[in-house]
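Predicted model only: the values in this text are computed from it and were never measured.
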Amino acid sequence: GSSLVVVALSNVSLSLGAADAPIATLTNGEGLFVVKTAGLAGRLSGTVEVAVPGDAFVFTGTFGIEVNTTNQPVDQAFVIDDQVITLTMDRANAVRVVGTDVTLTVAGQTLTADFAFEQVIDGDGVKSIRVAVANGSIDLGAGLVTVSNVEGALFIFEEKATPTSVGVTRLAAMLSADVAFDLPDVQFLGDFGITINTSTEPVNTSFAVGATTVNLTVDAGPYLQVTGTGVSLSVLGQSISGDFTVTQSTDVATGTSVLVVTVDNGAINLGGGTALVAVTDVVGSITVTSAGVAASLAARVDISLPGVSISSAFTLEINTGTDPVANDLVNLPGGQFLRLTATGLTVDIVGQQLAGDFTIEQLTQTDGSNLTRIALANVSLNLGDGLVNVTDGSGFFVLSGAGAAGRLATTVSVTIPDVSFTGSFEVEVNTTNAIVDETIRVGASMTTLTLPVGPYVRVAGTDVRLTLGAQS
């Protein structure tokens with residue numbers, strides 16, 4: 001029942017801009033305002049246009065104008081011509097342009113969100129635009145990757161980096177977001193952000209937002225990137241930790257859109273809590289399609305077991321789909337697998353150098369425990385400066401919490417004066433009390449390991465010949 005001063009406005013026009021470039025304009029505006037001791041508050045409707053010079057970024061949607069000079073939230077109901085009108089507004093800048101479910105197109109990507117534009121001043125005292133972002137989302141790869149809960153602020157400002165770019169309107173931002181894959185056996189865990197820069201120059205500036213100074217530093221663009229630092233990517237039950245960037249690009253050969261996840265500073269722990277196989281320095285790109293994810297990544301592998309030492313560069317191969325994958329980044333057979341491969345690797349075993357091709361996989365078993373599989377091909381070992389040569393070796397070993405099992409087959413030759421020893425040997429070991437039946441790909445061929453219940457160690461030789469002088 002208390003009295004209230006309400007003011008009706010018409011033929012209102014206003015403009016918010018970056019430097020001398022108008023960004024958001026209102027013409028033929030009209031609306032009602034509540035007048036209080038602290039100031040006035042209200043909304044204006046009319047013809048609102050949000051237009052940015054150039055084509056680096058485009059806003060599309062329906063906008064309105066909010067004015068609140070009270071420096072406090074407003075929740076006021078009043079009656080005009082027997083009609084109850086409720087005015088609810090957040091504490092905000094004096095004037096802002098607001099839009100719900102508006103799209104921002106930048107660097108070929110589309111961000112849909114609620115936007116609120118307000119005038120701010122940059123570190124050089126030049127007018128700029130701050131755009132608050134809420135309820136944002138980005139659809140990448142036709143729904144394969146969903147970016148949701150996008151929040152933060154964009155800044156629209158005049159470029160001042162180089163003489164040729166002065167006066168060009170730019171947009172830059174660092175936003176928070178949630179990222180999820182819509183694929184089986186693939187999941188992201190951690191905090192992500194969105195970085196935007198429409199400029200070819202890096203941005204390092206500040207803006208006065210009310211009584212707060214906001215600093216903005218981003219690398220040179222142009223791009224819209226979804227990034228996560230220190231997050232993890234779960235693939236086929238294994239976790240790759242590192243720094244990830246999700247981008248959508250175009251395949252130059254086919255012209256189709258390709259979703260790529262770039263990893264840097266990656267690491268995997270294979271073999272349980274105390275790593276039997278430590279994988280670090282993982283770097284490269286992962287392609288994402290409706291069939292799954294596929295990658296050939298560079299990595300470093302360290303294996304430390306009693307008497308065995310490996311520290312070398314490997315390739316981390318991933319294919320969560322069942323079909324082969326061939327594109328600009330990978331050429332892999334059908335999966336599913338996450339494995340480490342190396343060709344011509346040298347391994348130190350009890351001071352001796354064993355060379356060969358290696359493949360290492362880890363699987364999560366139905367009981368939740370880990371199983372590490374190691375396959376070898378083209379194995380060779382030279383002992384005693386050529387006196388003993390081991391060649392044509394191949395092997396397959398499995399490591400788990402229950403023990404180890406495997407088979408190693410080689411050809412052995414011993415050459416010393418008046419003594420010759422040749423033959424093919426096979427060593428089988430199973431320290432577990434279970435049957436072993438595993439298959440793994442080494443190079444282009446499949447290798448199978450089938451062993452009966454252990455524990456045991458067996459050595460067998462075929463076509464073995466020992467020659468002493470003229471006797472054989």
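Nearest heavy-atom pair across T315 and S296 is CG2-CB, 4.2 Å. In terms of heavy atoms, F181 sits closest to L233 at CE1-CD1, 3.9 Å. The shortest heavy-atom contact between R170 and F57 is C-CE2, 3.9 Å. Scanning both residues, A134 and A113, for their nearest heavy atoms gives O-CB, 3.5 Å.
Note that OG of S239 and CD of Q187 are 9.5 Å apart. Values are rounded to the nearest 0.5 Å.
A donor-acceptor pair under 3.5 Å is formed between the side chain of T287 and the backbone N or O of A294. With E361 contributing its side chain and L340 its backbone, the two residues share no donor-acceptor pair below 3.5 Å. In this structure, D243 contributes its side chain and G230 its backbone to a donor-acceptor pair below 3.5 Å. A donor-acceptor contact shorter than 3.5 Å links the side chain of T289 to the backbone of A291. Under the 3.5 Å distance criterion, the side-chain polar atoms of T146 are left unmatched by any main-chain donor or acceptor of A180. The backbone N or O of P333 lies less than 3.5 Å from a partner atom in the side chain of N319, making a donor-acceptor pair.
Judged purely by distance below 3.5 Å, without hydrogens or angles, the side chains of D178 and S148 never pair a donor atom with an acceptor atom. For the residue pair N430/T432, the side-chain donor-acceptor check at 3.5 Å is satisfied.
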Worked verdict on I318 versus T320 for side chain to side chain contact (heavy atoms under 4.5 Å, CB included): CA-CA 7 Å; I318 303 171; T320 67; 4.3 Å; yes
Side chain to side chain contact (heavy atoms under 4.5 Å, CB included) between F314 and R300, intermediate numbers included: CA-CA 6 Å; F314 273 70; R300 182 163 194 85; over 6 Å; no
Full working for side chain to side chain contact (heavy atoms under 4.5 Å, CB included) between V261 and V293: CA-CA 9 Å; V261 179; V293 301; over 6 Å; no
Residues F397, L408; criterion side chain to side chain contact (heavy atoms under 4.5 Å, CB included); working and verdict: CA-CA 8 Å; F397 294 87; L408 177 64; 4.0 Å; yes
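For the side chain to side chain contact (heavy atoms under 4.5 Å, CB included) with Y223, the qualifying choice from T198, T195, T245 is T195, the only one to do so. N378 pairs with exactly one of D392, T391, D357 by the side-chain hydrogen bond (donor to acceptor under 3.5 Å, both in side chains) rule, that one being D357. For the side chain to side chain contact (heavy atoms under 4.5 Å, CB included) test with I360, the passing option among T372, L316, L338, L399 is T372; the others fail.
F59 has its ring centre less than 6.0 Å from the ring centre of F117.
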